[in-house]
2 protein chains.
Amino acid sequence: MARSEPGRAVTLTDVARLAGVSVATASKALNGRDQVKDSTRQRVVEAAERLSFTPNPLARGLLAGRTGTVGLLTSDLEGRFVIPILMGAEDAFGAGQVNVFLCDARGDTIREQYHLRALLSRRVDGLIVVGRQTDPRPSLGHAIPVPVVYAYAPSDDPSDLSITPDNVSAGRLAVEHLVACGRTRIAHITGERAYAAARDRADGVQAALHAAGLELVGDMMYSEWSERWGRDAAAVLLARHPEIDAVLCGSDQISRGALDTARDLGRTVPDDVAVMGFDNWEVLTTNARPELTSIDANLQQLGRTAAQRVFAALDGVDIGSGTEYVAGRLVIRGSTVARR
Amino acid sequence: MARSEPGRAVTLTDVARLAGVSVATASKALNGRDQVKDSTRQRVVEAAERLSFTPNPLARGLLAGRTGTVGLLTSDLEGRFVIPILMGAEDAFGAGQVNVFLCDARGDTIREQYHLRALLSRRVDGLIVVGRQTDPRPSLGHAIPVPVVYAYAPSDDPSDLSITPDNVSAGRLAVEHLVACGRTRIAHITGERAYAAARDRADGVQAALHAAGLELVGDMMYSEWSERWGRDAAAVLLARHPEIDAVLCGSDQISRGALDTARDLGRTVPDDVAVMGFDNWEVLTTNARPELTSIDANLQQLGRTAAQRVFAALDGVDIGSGTEYVAGRLVIRGSTVARR
DNA sequence: CTACGTTCAGAAAACCTTTTCGGTGAGTTT
DNA sequence: AAACTCACCGAAAAGGTTTTCTGAACGTAG
């Protein structure tokens, strides 16, 4: 780092000259090829270190056809989903052979096409497409010369590979937890019916209730993903069905609203009524009183898996197609289990 | 897009052949160089379009020494700051000549060094370093052969260029708003004293109070950036100083806590007491009851500026050094001004 | 008709690395 | 001593683009 003159980057030629060999030999020595005597290799390695040589990935990529880069194309305005997915991908790509181009399409198809072209012209080796809903999104098609994996939002084309949270099992998981806590009169408040996430979780809830021999208390309440709706719906529910002992909410935001209403009505959480949500959005869950139990979607895991699939496809493995589901994880906090 | 055989990308040679010229002429024609007859240029352009040719940026970069990429090195785990900054940077880099490598160091110096090396070996043209606090962070040093701009968290080396929110003026802005709303008995609850953001905002608050001929009610309350602290501090404050007519909070999280306490104590917001915060984190502000007035840090603007500075440096302009401040923006909602 | 200038096209070098293939020298076998 | 194998190294091509320089064709002026 000390001697980095901005003038010119140090090239393999410099290393070769210092080591007194040809560039061919230097290349082979540094890349662990055989056909190089050990003593020679040593000389080259030392020279490379003394000059702190790093190979130019452009030249390398030009030849190999591989650039060691992956495009992450997101429409997730807030970065709530894409950041954990990016972190998972970074983990999977591991020891830094791969870097990620992040492009934000901001939910705009034109911009998405535009970024797509830019990424392809940069010869990314693969593509991860992140949506902000779990509803299927339009496929980018099959004219793309690199492997594509859809993360969070699956593709509407079953011949693409998609990886998405398993919201049905998440719904089941939530109910099973409530039942395990001894709750039997469970209501469900969730977000927009237009969202697959809301419907899938509700399906899982119904299935688990049925399996436990229980019935949902009140109607399945769809409306919007907001605290306001959580407050209003909880007020209606608790007035109409005072026997309720658990309110399962479709998101942490809704949970926060339900918690507020419970407090306003003088119902204690969790003793009197339990509350839990989905997403495990920490700024909401850990700041609530009491702290909110939630189902974490394991997005980092999802990102890791997506990256692994891209990797596998690059190595020529057939990664198949269809939608792969990532299970959620129960995070228990004080809103369902009283603190000791 | 129709005819993209994965087999081999279309190269300038193909275009030249189709147009019946040499690669040199084709290159000149497509890049708007003179020394090409108009009719020839036309033929080449048509050929390029028919083959949907896109130049290989690796080859181009290999020669030019420019890659058209910028590294965004962040330690912002949640992406709360980096996403708007990324969006601003994308705006500034504009018509897609530039793409962004996003690397998440996760607050780990080792990982940061590691990513830094990777980015440099990829020959990024510039670097934007994003921190998660406004406190000065260690400089990356001057051995870096590309322009570096520090965003959000400034560098501790004044010879670097940093762009950071102007928290002092944000604090002033907040108090001026409260005073304009007729509030005169203002208290301030904020986060950890170790954070420059907390201290700077507090300084601005004091300055504006002084300018308005007012005194802070109660002590300057530093502790932590959480709703819990907001609740507890507000309870203490309102008990000790019931005359308070405005609680200015150091973050939206703290505001949420203060709102809750006000509600618990039966104080109405905003009629009886106004509450406002900083950051304008929408999931917190727009879901509160009433919705929270806040100071937005204009992070997207900050990202745009950072990108423009990198750009300018690339064009050989001296971008100077020191810290540049981006003003915040008042977002008025129902917690300070009663809804009509 | 010669000298010169202008306009445009192409050949070739350059960027940096990897890989193939040919070659050198030493050692081994017959 | 000749033929052969083996280990090792280097020359050169390849990858796609840009730029410089040379050169050809043509027109114009003397």
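A note on names: the letters A, B, ... follow the listed sequences, proteins ahead of strands, and every chain is numbered from 1.
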Which residues in residues 33-45 of chain A have at least one heavy atom lying under 4.0 Å from any atom of DNA chain D?
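By residue number: A/Q35, A/V36, A/K37, A/T40.
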Strand-adjacent residues in residues 53-61 of chain A, judged by heavy atoms under 4.0 Å from DNA chain D
A/A59
Using whole Å, what does the distance between atom [atom2] of nucleotide [N] and atom [atom1] of [X] come to?
X      : N      : atom1 : atom2 : answer
A/R66  : C/dC16 : CZ    : C1'   : 20 Å
A/R122 : D/dG16 : CZ    : P     : 18 Å
B/L62  : C/dA13 : CG    : C1'   : 13 Å
B/N31  : D/dT17 : CG    : C1'   : 9 Å

Is a side-chain donor-acceptor pair under 3.5 Å present for [Y] with [X]?
X      : Y      : value
A/H142 : A/D157 : yes
B/S139 : B/D160 : yes
A/T13  : A/T11  : yes

Among A/N99, A/V100, A/L86, find the one that has a side chain to side chain contact (heavy atoms under 4.5 Å, CB included) with B/L102.
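Answer to the side chain to side chain contact (heavy atoms under 4.5 Å, CB included) test with B/L102 among A/N99, A/V100, A/L86: A/L86.
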Measuring from atom OG of A/S75 to atom CZ of A/R137, what distance do you get when rounded to the nearest 0.5 angstrom?
6.0 Å
Measuring from A/Y114:OH to A/L119:CG, what's the distance to the nearest 0.5 Å?
10.5 Å
For A/K28 and A/L12, take the nucleotide of DNA chain C holding the closest heavy atom to each; which residue's nucleotide lies nearer the 5' end?
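Looking at DNA chain C, the more 5' nearest nucleotide goes with A/L12.
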Among D/dG10, D/dA14, C/dA14, the one nearest A/L63 by side-chain distance
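Comparing D/dG10, D/dA14, C/dA14 against the side chain of A/L63, the answer is D/dA14.
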Salt bridge present between A/D125 and A/R66 (N-O < 4.0 angstrom)
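No.
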Ionic contact status for B/R106 with A/E90, cut-off 4.0 Å:
yes
Distance below 4.0 Å between [X] side-chain N/O and [N] OP1 or OP2:
X     : N      : value
B/S27 : D/dT19 : no
A/T11 : C/dC16 : no
A/S22 : D/dG10 : yes

I want to check something: taking the side chain as every heavy atom from C-beta on, are A/I163 and A/R309 in contact at a cut-off of under 4.5 Å?
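They are in contact (side-chain heavy atoms under 4.5 Å apart), so the answer is yes.
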